[in-house]
Amino acid sequence: LFTVVLGAALAAIAVHDFKHYRVPDLLSLLIALSGMLFWLLSSPAALPFQLLYGFAFGTSLWLMREAHFWLAGRIGLGLGDVKLAAAGAIWLNPVMLPLLLFVASLTGLFFAFATAFAHGARLSQIRIAFAPFLGAAILFCWLVERLP
C-alpha cells in the first residue's frame with residue numbers, strides 16, 4: 001500500500017512538473033507524511049532519524065542550489081525539487097541517498113542531452129523538469145531496499 005501511495009504521488013508530480021515546471025507542495029507534503037506514517041507503523045524508533053535524514057538531505061541540496069546560484073547567477077535546481085528530495089529521503093535508508101542522487105542526475109542528464117540533440121540546441125539553452133527523474137530515483141531506491 002505504501003509503495004502504491006509513493007508511486008502515485010511521484011507520478012502525479014512528474015506529470016505536473018513536465019507540464020508546468022513546478023512541483024506541487026501538497027504532493028511533496030503527502031510524500032513526507034506518508035513516509036513518516038510508514039516508519040511510525042513499521043519501526044517507530046527509526047522515525048526521528050528518518051526525519052533528521054530528510055532534513056539534512058534537503059538542507060544539503062538547498063545549499064548546493066544556493067552555491068550554484070552564487071557561482072552561475074541563475075537557479076539550476078528548483079526549490080520544489082529540494083523539497084521533494086527531502087520528502088523522499090524520509091522514506092529511504094540514508095545509505096541509499098548517494099544512489100538516489102546518482103540515478104536522478106544520470107537519467108536527467110541523459111534526457112537533457114537527448115533533448116538538446118533533438119532540438120539542435122546547446123545543453124545550456126534547454127530547460128528540463130528535474131522532479132520526474134528525482135521521483136523515479138526515489139521509487140527505484142525504495143524498491144531496491146525492499147528486495148530480499
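Positions are given from 1 along the sequence.
Residue pairs satisfying the salt bridge (Lys or Arg N to Asp or Glu O under 4.0 Å) criterion with at least one member in residues 129-141, sequence neighbours excluded, are absent. The salt bridge (Lys or Arg N to Asp or Glu O under 4.0 Å) contacts involving residues 40-63 comprise nothing, where partners must be two or more places apart or lie in separate chains. The stretch residues 46-65 participates, sequence neighbours left out, in no ring pair (Phe, Tyr, Trp, His ring centres under 6.0 Å) pair at all. The side chain to side chain donor-acceptor pair (under 3.5 Å) pairs that include a residue from residues 42-52 number zero, where partners must be two or more places apart or lie in different chains.
Other members of the cluster containing Y21 do not exist, because no ILVMFWY side chain is joined to it at under 4.5 Å. Its side chain within the 4.5 Å cluster rule, I75 clusters with F69 among the Ile, Leu, Val, Met, Phe, Trp and Tyr residues.
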Atom pairs and distances, side-chain donor-acceptor, residues 94-123, under 3.5 Å, sequence neighbours left out:
{"from": "S105", "atom 1": "OG", "to": "L101", "atom 2": "O", "distance (Å)": "2.8"}
{"from": "T107", "atom 1": "OG1", "to": "V103", "atom 2": "O", "distance (Å)": "2.8"}
{"from": "T107", "atom 1": "OG1", "to": "A104", "atom 2": "O", "distance (Å)": "3.2"}
{"from": "T115", "atom 1": "OG1", "to": "F111", "atom 2": "O", "distance (Å)": "2.8"}
{"from": "H119", "atom 1": "ND1", "to": "T115", "atom 2": "O", "distance (Å)": "2.9"}

Counting only pairs under 3.5 Å, give me each side-chain donor-acceptor contact of residues 126-145, with atom names and distances, residues two or more places apart or in other chains.
{"from": "W142", "atom 1": "NE1", "to": "T3", "atom 2": "OG1", "distance (Å)": "2.8"}
{"from": "E145", "atom 1": "OE2", "to": "N93", "atom 2": "N", "distance (Å)": "2.6"}

What side-chain donor-acceptor pairs closer than 3.5 Å can you find for residues 8-15, not counting sequence neighbours?
none

Considering only distance and modelled atom types, tabulate donor-acceptor pairs under 3.5 Å from the side chains of residues 83-92, sequence neighbours left out.
{"from": "K83", "atom 1": "NZ", "to": "D25", "atom 2": "OD1", "distance (Å)": "2.9"}
{"from": "K83", "atom 1": "NZ", "to": "D25", "atom 2": "OD2", "distance (Å)": "3.3"}
{"from": "W91", "atom 1": "NE1", "to": "I31", "atom 2": "O", "distance (Å)": "2.7"}

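Residues L77 and H68 have side chains not in contact (no heavy-atom distance under 4.5 Å, counting atoms from C-beta outward). At a threshold of 4.5 Å between non-hydrogen side-chain atoms, the residues L6 and S34 do not count as touching.
In the hydrophobic clustering of ILVMFWY residues, with side-chain heavy atoms under 4.5 Å counting as a link, L1 and L41 come out apart.
In this view, L63 and T59 satisfy the side-chain contact (heavy atoms from CB on, under 4.5 Å) rule, not counting sequence neighbours. When the side-chain contact (heavy atoms from CB on, under 4.5 Å) test is applied to L71, no partner is found at least two apart in sequence or on another chain.
Here the closest non-hydrogen pair linking L51 and M36 is CD2-SD, 3.2 Å.
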